[in-house]
Amino acid sequence: MILITGATGTVGREVLRLLVGRGARIRAMTREPARLRLPDGALIDVVQADFERADSLHSAVAGVDSVFLLTVPSPAGSVAEYDLAMIQAARAYGVRKVVKLSAIGGKADDADNLPSPRHRAGEQALVASGLTWSALRPSSFASNTLSWADAIRAGNPVPNMTGTGAQGVVDPRDVAAVAVEALLTDAHDGAAHTLTGPELLSVPDQVAQLAAELGRTVTTVDVPPHAVRQQLVRAGFDPSIADSAVDGYQLVRDGGNAVITDDVDRILGHPARAFRAWAHDHRTAFGADAGHP
C-alpha cells in the first residue's frame, strides 16, 4: 500500500493517476475528500487526515509500506512541522519508505547539495529517521503560471516577483513520473534528485510563450519583494514564512536558481517536457478558444 499525501494537488493527482496505471495499491490522504478527483474505475482507499492532527496521521499510515510526502506551509504550520509529524507517524507504524517532494536549493547551495531552506529540516529528519528515503527537488513548476490566469483573461499584466531571473521551469507531470519511479523501485533509495525542465526561463520568457499560444499580447508588472511580504502577512501567514518566500523570490531575481540538470531525462528515459508544451496543453485555462490549434 502506498499513501499519497497532497492527493488533491497538481502533482499528487498525477501521481495517483500514474500509480493506478501501474496497478499499485493506493491510499489517498486529503483534508477534504470531496475535492478528490479519482481516475475513472480506480479502486483507491481514501482517508481524511491532517498534518496538524497526529491521530489522523496514524490512521493514514496504518498498513502502509511507502509514503509520498508532499507538504506546503499554511498559516497554521510550516513545512518542517508537517514533515516531522508524518515521519514520526511513519516510524511508529512500520512504514518502510518515504519519498519526499522537496524543492531545489539554487546555485548558492551547489557545493553542499542542499535543498531549499524551507525543506532542509524535513530532508534532514528523513535521512536521520532510519526509513528508506528519496528526495525530489524540483525547480519552479510550469503550473505555477495558472495563478496568472485571471489576470491574463482580464487583459491585465502578470505580476512578476522575480524580475529577469531565470529558472529551469519543470512540468509537474515529469515530477510525478519521477516520484512514481522512486515509489515503485529501489533505484532511487537514498538519493536526492534535482528536477528541472530543459531550458532557463524568466517570468517574461514564460509570459512571451503563453502570449504566443494565445495569439495576443500579455504584459508583466514588477512586484518588489517588500510588497510580496506585505501581501503574505495580510493573508495570515506567519512573518517567518513570508520572509522565507521573499528570500526565495530574491534568490531567483539574483540569478541563484539558474540551474538545469538531466535528472528527468536520465530517470524517465526521455527529455524533460518544455514549458511551451505545457502552455499549449493548458492554453484554455488562460482564455484560449478550445478550438485554437
Side-chain angles (χ1 to χ4, degrees), residues 2-6 9 11-12 15 29 49-54 57-58 60-61 64-74 76-141 167-168 170 175 178-179 181-183 185-196 237-252 256-257 259 261 263 267:
I2 300 173
L3 174 68
I4 307 303
T5 70
V11 174
V15 170
M29 172 179 147
D50 192 317
F51 288 109
E52 295 158 25
R53 293 176 43 234
L57 293 183
H58 295 168
V61 299
V64 163
D65 175 75
S66 302
V67 174
F68 177 60
L69 178 57
L70 190 164
T71 52
V72 295
S74 77
S78 68
V79 164
E81 290 169 332
Y82 295 158
D83 284 346
L84 291 172
M86 177 56 80
I87 291 168
Q88 290 169 358
R91 291 186 64 193
Y93 280 77
V95 170
R96 181 180 63 86
K97 176 190 287 191
V98 173
V99 175
K100 172 175 164 53
L101 187 65
S102 184
I104 193 169
K107 276 185 176 178
D109 297 319
D110 282 354
D112 297 318
N113 192 30
L114 295 173
S116 162
R118 181 181 294 173
H119 289 272
R120 286 178 192 169
E123 277 201 35
Q124 290 166 353
L126 185 55
V127 171
S129 69
L131 301 168
T132 300
W133 63 274
S134 299
L136 310 181
R137 300 171 179 172
S139 189
S140 178
F141 287 166
Q167 305 182 78
V170 65
V175 177
V178 171
E181 293 305 312
L183 288 163
T185 75
D186 60 5
H188 309 286
D189 293 354
H193 299 306
T194 299
L195 309 179
T196 74
F237 285 89
D238 185 274
S240 64
I241 294 176
D243 289 340
S244 175
V246 169
D247 288 345
Y249 290 132
Q250 191 63 55
L251 175 75
V252 177
N257 197 31
V259 177
T261 76
D263 286 4
I267 295 166

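All heavy atoms count here, side chains included; hydrogens, waters and symmetry mates do not.
- Closest approach of Val259 to Thr196, counting heavy atoms only: O-CG2, 3.5 Å.
- The heavy-atom pair separating Leu136 from Pro138 by the smallest distance is O-CD, 3.1 Å.
- Asp83 and Thr71 share a donor-acceptor pair across their side chains, judged by distance under 3.5 Å alone.
- Between Leu69 and Phe51, the closest side-chain pair of non-hydrogen atoms falls below 4.5 Å.
- With rounding to the nearest 0.5 angstrom, the CG atom of Leu251 is 8.5 Å from the OG atom of Ser116.
- Note: Leu114 CG to Ile104 CD1 = 12.5 Å, rounded to the nearest 0.5 Å.
- The distance from atom CG of Asp50 to atom OG1 of Thr5, rounded to the nearest 0.5 Å, is 12.0 Å.
- The minimum heavy-atom distance linking Ile87 with Ser129 is given by the pair CG2-CB, 3.8 Å.
- Annotation for Arg91: atom CZ does not count as buried by contact number, only 12 or fewer foreign heavy atoms lying within 6.0 Å.
- Looking only at distances, no side-chain donor or acceptor of Lys97 sits under 3.5 Å from a matching main-chain atom of Asp189.
- For CZ of Phe237, the number of neighbouring non-hydrogen atoms (other residues, nucleotides, ligands) closer than 6.0 Å is greater than 12.
- The shortest distance between side-chain heavy atoms of Val95 and Met86 does not fall below 4.5 Å.
- In this structure, Met29 and Ala60 approach most closely via the heavy-atom pair SD-CB, 4.1 Å.
- Contact detail for Val98 and Ala90: the closest heavy-atom pair is CG2-CB, 4.4 Å.
- Listed for the Tyr93 side chain is no donor-acceptor partner under 3.5 Å among the backbone atoms of Val64.
- In this structure, Trp133 CH2 and Ser66 OG are separated by 15.0 Å, a value rounded to the nearest 0.5 Å.
- Aromatic ring pairs are classed by plane angle as parallel below 30°, tilted from 30° to 60° and perpendicular above 60°; the pair His188 and His193 is perpendicular.
- At least one side-chain heavy atom of Phe68 sits less than 4.5 Å from a side-chain heavy atom of Leu183.
- Not one N or O on the side chain of Ser139 forms a donor-acceptor pair closer than 3.5 Å with the backbone of Val170.
- Here NE2 of His58 is found 8.0 Å from CD of Gln88. Values are rounded to the nearest 0.5 Å.
- No donor-acceptor pair closer than 3.5 Å links the side chain of Ser78 to the backbone N or O of Pro73.
- Taking 4.5 Å as the limit, every side-chain heavy atom of His119 sits out of range of all side-chain heavy atoms of Leu101.
- Applying the side chain to side chain donor-acceptor pair (under 3.5 Å) test between Ser102 and each of Arg120, Arg137, Glu123 identifies Glu123 as the sole match.
- The distance from atom OH of Tyr82 to atom CG of Leu70, rounded to the nearest 0.5 Å, is 13.0 Å.
- Closest approach of Thr194 and Asp263 over heavy atoms only: N-OD2, 2.9 Å.
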